[in-house]
Amino acid sequence: MADLLNPSELEIALDLGNLDLTSRDEMINELTNRDGIILDIVNGHIRENLEDELVQEALKTGVDLRHYSQEIEKELAAVEAASITDYIGESKKIAQLHKEMKQCDSILEQMEQMLGTFQQDLGSISTEIQTLQEKSLEMSVKLGNRKELKTKLSTFLDSIVVSPKLVETIVNTAVTEPPFMDALHELDQKLQFAEAEQHTLASNDVSDVLDKLKTKAVIKIRLYILEKVQEYKKPMSNYQVLQETLLKFKYYYEFLVTHSPSTAAEIKLEYVDTVSKVYFSYFKTYQSRLIRLEFEEVPTKADVMGAEDESRRSIQLSMFSSSKSIRSRSTVFTLGNRDELINNQLEWPVIIPVHSADKKFPYEAIFRSVQFSLIDNVCAEYGFLVHFFKVRGEKAQLLFTNVMERTLSLLIKSVESYMEKCYDCIGIMLCAHITMHYHELMKKRGFGALVGFHNQLLQILWPRFTFVLSQNIHSIRETDPGRLTELDTRPHFITRRFGEFYSAIHTLNDKFPNDQTVRSMSLLQVEVENVVLRMAAEFRERQDQLVFLINNYDLMLSVMQCRSTDTNKEVLSIQELLNKRINEYVDEVLLPHFGGMISFVKDNEKMLESAGPGSPKIKVNEGYINQLVRGFNQDHKKSIDSINSDVMRRFTNFNNGTVILQSALTKMIQYYSRFHKILSQPPFKTLPCRMDMINVHHVMVEVKKYKNQF
């Protein structure tokens, strides 16, 4: 490149402007003369220079700054000259670089022109794309509108056009066939669509055909449903099977309600009328057949608790009569296993008269069978009415009432009629509890249609129960002990009846407590306790009176506790009376054998307690005391044996007899111990007869021999 350039061109190429690295004084003058320099800036430069490391080092070494400055300037001039020489040496390369930069600039200018042209082309393409996009969007909207129109038109045509297949199916296919059900759904949709689009010409064109098809379908459905309803009247018809069949075609009734309300109303009325009569006839027949299976002997108004038991007399009379059955009033007041009905048999299968012709049942079993049959039929019927006729709430209850009203009234009147002559308290209470159990069962099933019916039954049963119970109370109150035959110290039949009856009522009342029943039973117990006291007064001897009371109280208590271990106030009351009479009897049975010793103990204990041992007020009858000691020594074994024999003979309950005997012997030992204690105190301790007294432990050994007599 240096060969191509002449010196003049080289000067032009190396025009470095006003570059002069040696003119330092001019630069300082120029800097000093500048308008923008102020003294603060100069001072700042001075401070910065003073902080320079070289300056600080020069100051520390003590070098002359002016001399040092001149050396620096020389070095700078040498460096500057070397730099200019290097720059001139590289001038050819710089010139080549300058040329290349011009060529690059030309190329870039051409590229700029090309890019500008390309930008213009892109602008025109973008405009075309936007135009195409707008046309595409417009075409898409048109296509969407056409598709929507096609869909609506297709739907309209499908909904309005009546196909020959639809006509053929509605006219000729049986209603029980699945194709008819599908065709009916299609017809329903077309009828509803035609009604909604009745302003269109197409709808007017097919309206006649649709009406004819609707009429044909209504006629076929009506005939089929009425035919099924009539099957209810056939003997031995299975109602649940018929209902299940109708439920398969419940849509038919919905179709009638929508398109022929009058026909739907006709079918509903016909169903209600037919089924109401069928249920009425069924339960009337079923109940009349069951009642024939009831026990021939049932309690009458004469079978009250206070009536005398005539079983013996009946046995005697039966020897000369042809009567095959003998009834004892004791069974009237016994629960036995009758409560199994409410414990385990509530949901047992109903009694079938044909299969049970040779069996007999109590009334409560017949009542349970009728009520359980009613529940089964009612639940099935209510479910059918709700699902087939599409009714809910009050409408469902009203329709159910229309169907079952006659049947429920029949059952109410039947129970009411039977209860007018029923005197079986336990049976009545069992019927009431069966009703309450079934009421709870209906609540669990979420079925409340029989609430009113069950309440009516309870309004019949509870007052009758209270009346019959009051008759028994009245019979006890009016009992005249003087007229009773064969009155002895054994438990009386009235107390046994009461114990059995109390146990039965208490057992049943625990399941559904009734305050009125509790009050009536308390009143009955009071009357029984009073009549037992009146009967005891018929005996002349006090011991006989006490034995009679103890035997009867013990029997009542045993029977009352046989079904329940719960202790209530009635049981506690009888227990208290029994303990009181046992204590009194023990005193009575000891008096004939140890009366002298007992009187001596009681009198002298009081005297010793009031006057104190050794008091002169206490008189000692040595002869009487000797007689008491000798009498006890000689007769105590024989007396104990006599007491034992007397207790064994008088008391029928061995456990009770054991308690009484042990109580008597224990009390005898207590008296004898107290007798020993009195004689060991002044003024009796000096009596010679004390040496002859038998040791208390020896007496206790004798008593233990009688421990296991019962």
Side-chain angles (χ1 to χ4, degrees), residues 487-500 502-503 525 528-529 532-533 535-536 539 541-568 570-595 597-598 601 632 635-675 694-710:
L487 189 64
D488 54 30
T489 58
R490 291 175 298 178
H492 198 265
F493 63 83
I494 289 180
T495 57
R496 175 170 288 279
R497 290 176 185 174
F498 169 75
E500 294 284 357
Y502 173 87
S503 178
Q525 180 176 341
V528 170
E529 292 174 1
V532 169
L533 290 175
M535 288 189 288
F539 297 94
E541 299 293 333
R542 181 57 182 167
Q543 280 195 22
D544 291 338
Q545 294 177 357
L546 293 173
V547 170
F548 178 81
L549 292 174
I550 291 171
N551 280 332
N552 281 276
Y553 291 152
D554 176 64
L555 176 65
M556 282 192 287
L557 193 63
S558 299
V559 177
M560 290 167 71
Q561 292 179 326
C562 68
R563 280 184 173 267
S564 175
T565 57
D566 296 339
T567 303
N568 49 49
E570 291 81 8
V571 173
L572 291 176
S573 174
I574 300 296
Q575 183 69 60
E576 185 178 352
L577 291 173
L578 176 62
N579 294 337
K580 180 179 179 182
R581 298 307 178 184
I582 288 176
N583 291 332
E584 190 175 350
Y585 173 78
V586 167
D587 290 338
E588 287 291 330
V589 80
L590 291 177
L591 282 177
H593 304 284
F594 307 103
M597 182 181 67
I598 293 172
V601 168
F632 185 86
D635 300 332
H636 75 279
K637 293 183 180 180
K638 183 169 59 176
S639 297
I640 292 173
D641 187 63
S642 176
I643 292 172
N644 175 60
S645 301
D646 189 53
V647 171
M648 290 180 64
R649 176 176 55 85
R650 287 175 173 270
F651 297 102
T652 55
N653 184 347
F654 288 169
N655 292 330
N656 188 43
T658 300
V659 172
I660 294 172
L661 178 62
Q662 293 300 317
S663 179
L665 297 180
T666 300
K667 202 162 191 177
M668 182 270 293
I669 292 175
Q670 290 174 350
Y671 276 120
Y672 188 65
S673 298
R674 290 156 67 185
F675 183 58
I694 300 175
N695 191 281
V696 175
H697 294 288
H698 291 167
V699 179
M700 293 176 66
V701 172
E702 292 293 330
V703 168
K704 287 182 179 179
K705 296 178 182 179
Y706 297 90
K707 185 175 182 180
N708 298 320
Q709 287 293 326
F710 285 89

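Positions are given from 1 along the sequence.
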Quiz item: Does Asn551 use its side chain to pair, donor to acceptor, with the backbone of Thr489 at less than 3.5 Å?
Solution: yes
Exercise. Measure across Met668 and Met597 and return the closest heavy-atom pair with its distance rounded to 0.1 Å.
Key: O-CE, 4.5 Å
Quiz item: Could you give the distance from CG (Leu546) to CD1 (Ile582), rounded to the nearest 0.5 Å?
Solution: 10.5 Å
Quiz prompt | Stepwise side-chain contact (heavy atoms from CB on, under 4.5 Å) check, Thr495 with Tyr553 | solution = CA-CA 8 Å; Thr495 57; Tyr553 291 152; over 6 Å; no
Exercise. Search all heavy atoms of Val647 against all heavy atoms of Gly657 and return the closest pair with its distance.
Key: CG1-O, 3.5 Å
Quiz item: Less than 4.5 Å apart, any side-chain heavy atom of Phe548 and any of Val532?
Solution: yes
Quiz item: Between CG of Leu578 and OG of Ser558, what distance do you get to the nearest 0.5 Å?
Solution: 8.5 Å
Quiz item: So, Asp641 and Lys637, do they make that salt bridge, N to O below 4.0 Å?
Solution: no
Exercise. Check for a donor-acceptor pair, side chain of Ser663 on one end and backbone N or O of Val659 on the other, with a separation under 3.5 Å.
Key: no
Quiz item: Which heavy atom of Leu555 sits nearest a heavy atom of Pro491, and at what distance?
Solution: CD2-CB, 3.3 Å
Practice problem: Kindly indicate, with the supporting measurements, whether the criterion side-chain contact (heavy atoms from CB on, under 4.5 Å) is fulfilled by Gln561 and Ser503. | Solution: CA-CA 7 Å; Gln561 292 179 326; Ser503 178; over 6 Å; no
Quiz prompt | Closest non-hydrogen atom pair between Val601 and Tyr671, with its separation | solution = CG2-O, 3.7 Å
Practice problem: To the nearest 0.5 angstrom, please state how far the NZ atom of Lys704 sits from the CG atom of Leu665. | Solution: 13.0 Å
Quiz item: If you round to the nearest 0.5 Å, how far is CG of Asn644 from NZ of Lys705?
Solution: 12.5 Å
Exercise. Identify which one of Ile643, Thr666, Ile640 satisfies the side-chain contact (heavy atoms from CB on, under 4.5 Å) criterion when paired with Leu661.
Key: Ile643
Quiz item: If you round to the nearest 0.5 Å, how far is CG of Leu549 from CG of Leu533?
Solution: 6.0 Å
Quiz prompt | Side-chain heavy atoms of Phe654 within contact of Met648, under 4.5 Å | solution = no
Exercise. Given side-chain contact (heavy atoms from CB on, under 4.5 Å), test Glu529 with Ile574 step by step and report yes or no.
Key: CA-CA 9 Å; Glu529 292 174 1; Ile574 300 296; 3.4 Å; yes
Quiz item: Which residue, Arg581, Gln545, Arg650, forms the side-chain contact (heavy atoms from CB on, under 4.5 Å) with Ile550?
Solution: Arg581
Quiz item: Closest heavy-atom contact between His593 and Val589?
Solution: CD2-O, 3.4 Å
Quiz item: Quick check: does any side chain N or O of Asn552 sit under 3.5 Å from a backbone N or O of His492, one acting as donor and the other as acceptor?
Solution: yes
Quiz item: In Å, rounded to the nearest 0.5 Å, how long is the span from CE of Met700 to CG of Asn695?
Solution: 10.0 Å
Quiz item: Can you check whether Phe651 and Tyr585 have ring centres sitting under 6.0 Å from each other?
Solution: yes
Quiz item: Taking the six-membered ring for Trp, is the centroid-to-centroid distance between Tyr672 and Phe632 below 6.0 Å?
Solution: yes
Quiz item: For the side chain of Asn579 and the backbone of Gln575, is there at least one donor-acceptor N/O pair under 3.5 Å apart?
Solution: yes
Quiz item: Sub-3.5 Å donor-acceptor pair from the side chain of Ser642 to the main-chain atoms of Lys638, do we have one?
Solution: no
Quiz item: Could you go step by step and tell me if Val701 and His698 meet the side-chain contact (heavy atoms from CB on, under 4.5 Å) rule?
Solution: CA-CA 5 Å; Val701 172; His698 291 167; 5.6 Å; no
Quiz item: Thinking salt bridges, do Arg497 and Glu500 make one under a 4.0 Å N-O criterion?
Solution: no
Quiz item: Can you name the closest pair of heavy atoms from Val528 and Phe498 and give their distance?
Solution: CG2-CD1, 3.7 Å
Quiz prompt | Under 3.5 Å donor-acceptor, Glu570 side chain and Gln525 backbone | solution = no
